[in-house]
There are 2 protein chains.
Amino acid sequence: MSTTPQTAPRRATITDVAREAGTGKTSISRYLNGEMSVLSPELRARIEAAIARLDYQPNQMARGLKRGRNRLIGMLLADLTNPYTVEVLQGVEAACHALGLMPLICHAANEVEMERRYLQLLTTYRVEGVIVNALGVREATLRPVVGNGIPAVLVDRLVDGLVADMVGLDNRAAAELGTRHLLDSGFDDIWFAVQPFEQVSSRQLREAAFREAINARAGQATRGAQGGHGGARGHTLVLNLADTAEVERSIVELDRAIDAAASRRLALFAANAPVALCLALHLKARYGADWQSRVALLSIDDPDWAELTGVTTIRQPTYEIGYRAVEFLHERIEGVQTAARDCLLPGELIVRASTSR
Amino acid sequence: MSTTPQTAPRRATITDVAREAGTGKTSISRYLNGEMSVLSPELRARIEAAIARLDYQPNQMARGLKRGRNRLIGMLLADLTNPYTVEVLQGVEAACHALGLMPLICHAANEVEMERRYLQLLTTYRVEGVIVNALGVREATLRPVVGNGIPAVLVDRLVDGLVADMVGLDNRAAAELGTRHLLDSGFDDIWFAVQPFEQVSSRQLREAAFREAINARAGQATRGAQGGHGGARGHTLVLNLADTAEVERSIVELDRAIDAAASRRLALFAANAPVALCLALHLKARYGADWQSRVALLSIDDPDWAELTGVTTIRQPTYEIGYRAVEFLHERIEGVQTAARDCLLPGELIVRASTSR
DNA sequence: CTGTTAGCGCCTTCAA
DNA sequence: TTGAAGGCGCTAACAG
């Protein structure tokens with residue numbers, strides 16, 4: 001028995017099968033495409049046998065070349081490290097499977113330049129469509145795709161100047177839900193932590209909705225004055241996770257607030273799981289295992305460790321987001337011409353110990 | 001301005017470029033393949049211009065069809081939910097990028113049947129090679145691939161009857177390292193928790209190495225008798241994560257041991273992160289937030305939450321595993337014929353509060 | 001019902 | 001240095 005991986009005997013082609021079955025390529029092709037009604041049972045049987053004997057499998061690339069569609073779609077991901085991404089991917093995989101599509105997954109690892117290259121590469125493979133969940137997506141970045149008539153569906157963010165379907169969380173509602181929950185739980189000093197949001201629509205929306213929710217409550221003079229301030233107070237803390245040193249610098253502001261709060265427990269609203277994790281790790285390092293007695297953390301996204309550490313979250317319907325994105329894309333590929341659609345799915349508040357004391 | 005995503009103008013082909021440049025297709029092809037030495041600077045300039053004007057990009061599928069290699073490789077993954085998988089994937093992506101390969105990622109979501117289908121599908125796209133990290137891989141499952149001469153590299157597990165390169169953690173050493181660490185930290189009653197391991201070589205190895213390490217220590221009669229037993233005691237707990245009810249049933253055995261241990265702190269050695277998470281969640285539900293005072297958890301794999309909860313781990317060199325796998329595969333694709341290789345990479349012990357009190 | 005004939009977009013002899 | 005011709009594996013008219 002050899003210990004060298006053996007090398008291949010060339011694969012059977014449609015021509016081989018035709019010869020083996022004693023017929024023409026056309027009939028084989030018909031068989032492959034399920035046009036059974038135009039094949040005599042006898043021929044059909046011969047073809048079946050020949051295929052089995054040769055262990056024949058049609059070459060998708062050749063088919064694609066001929067018919068102009070290869071059933072490949074591209075999926076561009078900014079960050080596989082984010083559990084959100086992986087969950088969306090599951091929905092994508094499932095939908096692709098159901099619709100007979102094959103996703104080409106590209107992971108840009110948070111590098112804008114890499115996103116550009118991948119998009120261009122996908123174009124080269126003639127994918128029939130693209131699902132994009134990336135950072136640096138602007139109209140220009142997507143030009144190689146959209147400009148060539150390849151339909152695109154955006155996940156979790158809009159791109160201005162670009163007309164395309166989008167599917168994602170209802171960010172406004174989610175941020176509002178979280179903020180209200182904190183307010184209703186008695187927290188009146190809330191810090192909203194978010195990554196730099198100039199470029200990313202979903203982050204913008206979350207932050208804006210947070211501020212509005214705070215202001216709405218601050219306006220209501222129904223609550224008594226507290227610590228000299230009427231109503232609730234909100235702060236926005238920007239954390240650039242790409243730069244550890246910068247994070248350290250930004251976060252001191254928060255540390256000071258926590259120290260100053262003394263006995264009162266501050267609330268921290270993380271715009272997504274990576275931010276929440278960053279905060280939790282920092283707080284744990286600074287205040288020890290018992291950090292949650294100093295601060296109430298709430299996060300959009302529902303990572304594994306939220307349950308384990310008792311952190312309240314707003315879970316996104318990630319699987320469905322991925323699934324819907326593929327469905328939209330599939331429709332476009334099939335030629336649907338309706339106006340661009342926005343599909344906003346609701347988040348679900350999962351209350352845990354961090355906010356329910 | 002339209003709100004309907006626009007549809008495509010047909011893409012330029014090599015023929016279009018040839019016409020635009022006023023030359024033949026051959027020259028364009030030569031240009032594309034970098035055969036600059038056989039092109040007059042003048043022609044070359046014209047071609048460049050034509051390509052730019054038409055925004056031409058060669059069709060990879062057509063190239064692939066012609067030359068018999070499309071630069072696609074398949075990557076079959078059992079479970080993207082496992083952080084290990086995602087990390088390996090990062091290494092794979094990076095290596096592919098460096099080597100000019102494009103990975104087709106297939107996620108089988110722990111379903112053996114789906115693994116089979118994906119493997120067959122990959123075959124159909126004529127991938128040049130396959131990297132496999134799956135559950136149900138047996139020689140038979142891989143036949144459509146290997147039988148057709150498509151090189152395969154296994155990640156994290158061997159398949160008997162199959163001669164192929166493999167890369168993964170040095171499981172024996174890792175399990176030994178973990179066990180020794182627990183023993184040296186003063187734990188003499190250790191439970192090794194692992195998913196069903198009949199089919200999966202890496203799990204088998206970890207379990208076996210655990211038992212051996214225990215026995216080696218139990219044999220050494222150097223330590224005084226404790227609780228009536230000489231030396232260390234080890235137990236293996238099988239957790240079938242695919243079946244919640246079954247997990248509940250298996251885990252009562254552990255619960256009893258913990259209850260019985262009373263003041264003494266048991267040690268729990270999880271064979272991987274999913275198992276560790278399952279245990280941690282269970283223990284937290286049963287013993288409350290302070291569950292770590294009852295039990296010392298140690299896990300192979302180093303998920304996010306380990307740092308957050310202070311759990312000691314053995315980190316796998318995941319990125320490198322993925323990277324190496326692609327390198328091996330690439331060599332095979334290029335025709336290397338050496339004997340099948342096993343690449344075992346060492347794990348790194350990361351001591352945290354759970355075992356250092 | 002079945003086979004023949006053209007290509008899909010590209011690369012690769014082979015001549016010029 | 002350049003181009004024409006043929007073919008990769010498959011499908012899609014168009015005849016029989």
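Reminder, nothing fancy here: chain letters follow the sequence lines and each chain counts from 1. These numbers come from a predicted model, not from an experiment.
Counting 5' to 3', DNA chain D first comes under 4.0 angstrom of a heavy atom of chain B and last does so at the ends given by dT1(D) to dG9(D).
Under the 3.5 Å distance criterion, the side-chain polar atoms of R46(A) are matched with a main-chain donor or acceptor of G22(A). Between the side chain of N70(B) and the main chain of L72(B), a donor-acceptor pair closer than 3.5 Å is present. A donor-acceptor pair under 3.5 Å links the side-chain atoms of E115(A) to the main chain of L135(A), judged by distance alone.
Around CZ of R53(A), the count of heavy atoms belonging to other residues, nucleotides or ligands within 6.0 Å exceeds 12.
Residue R69(B) contributes atom CZ, which lies 11 Å from atom P of dT12(C) at whole-angstrom precision. Look at CZ on R63(B): it is 15 Å from P on dG9(C), rounded to the nearest Å. Regarding I14(B), its CD1 atom lies at a distance of 13 Å from the P atom of dC8(C), rounded to whole Å. Between the P atom of dT2(C) and the CZ atom of R19(A) lies a distance of 20 Å, rounded to the nearest Å. Here the P atom of nucleotide dG9(C) and the CD1 atom of I51(B) are 16 Å apart, to the nearest Å.
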Give each protein N/O atom lying under 3.5 Å from an N/O atom of nucleotides 3-6 of chain C, with the pair distance.
{"residue": "dG3(C)", "atom": "OP1", "partner": "T23(A)", "partner atom": "OG1", "Å": "3.4"}
{"residue": "dG3(C)", "atom": "OP2", "partner": "T23(A)", "partner atom": "OG1", "Å": "2.2"}
{"residue": "dG3(C)", "atom": "OP2", "partner": "G24(A)", "partner atom": "N", "Å": "3.4"}
{"residue": "dG3(C)", "atom": "OP2", "partner": "S27(A)", "partner atom": "OG", "Å": "3.1"}
{"residue": "dG3(C)", "atom": "O6", "partner": "R30(A)", "partner atom": "NH2", "Å": "2.6"}
{"residue": "dT4(C)", "atom": "O4", "partner": "T26(A)", "partner atom": "OG1", "Å": "2.4"}

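Contact of the P58(A) side chain with the Y56(A) side chain is registered, since non-hydrogen atoms from C-beta on lie closer than 4.5 Å.
Residue Y56(B) places at least one side-chain N or O under 4.0 Å from the OP1 or OP2 atom of dC10(C). Close to dC11(C), at under 4.0 Å from its OP1 or OP2, lies a side-chain N or O of N33(B).
When each of V38(B) and R67(B) is assigned the nucleotide of DNA chain D bearing its nearest heavy atom, the one mapping closer to the 5' terminus is V38(B). When each of A62(B) and S29(A) is assigned the nucleotide of DNA chain D with its nearest heavy atom, A62(B) is the one assigned upstream, toward the 5' end.
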Check: Stepwise, does the side chain to side chain contact (heavy atoms under 4.5 Å, CB included) test hold for I73(B) with V130(B)?
Finding: CA-CA 6 Å; I73(B) 68 170; V130(B) 175; over 6 Å; no
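The structure places CZ of R157(A) at 4.5 Å from OG of S202(A), a figure rounded to the nearest 0.5 Å.
Side chain to side chain, N33(A) and R67(A) meet the donor-acceptor criterion of an N or O pair below 3.5 Å.
Both tests pass for R341(A) against the ring of F328(A): distance under 6.0 Å to the centre and angle within 45° of the axis.
I28(A) comes within 4.0 angstrom of no nucleic acid atom, judged by non-hydrogen atoms across all strands.
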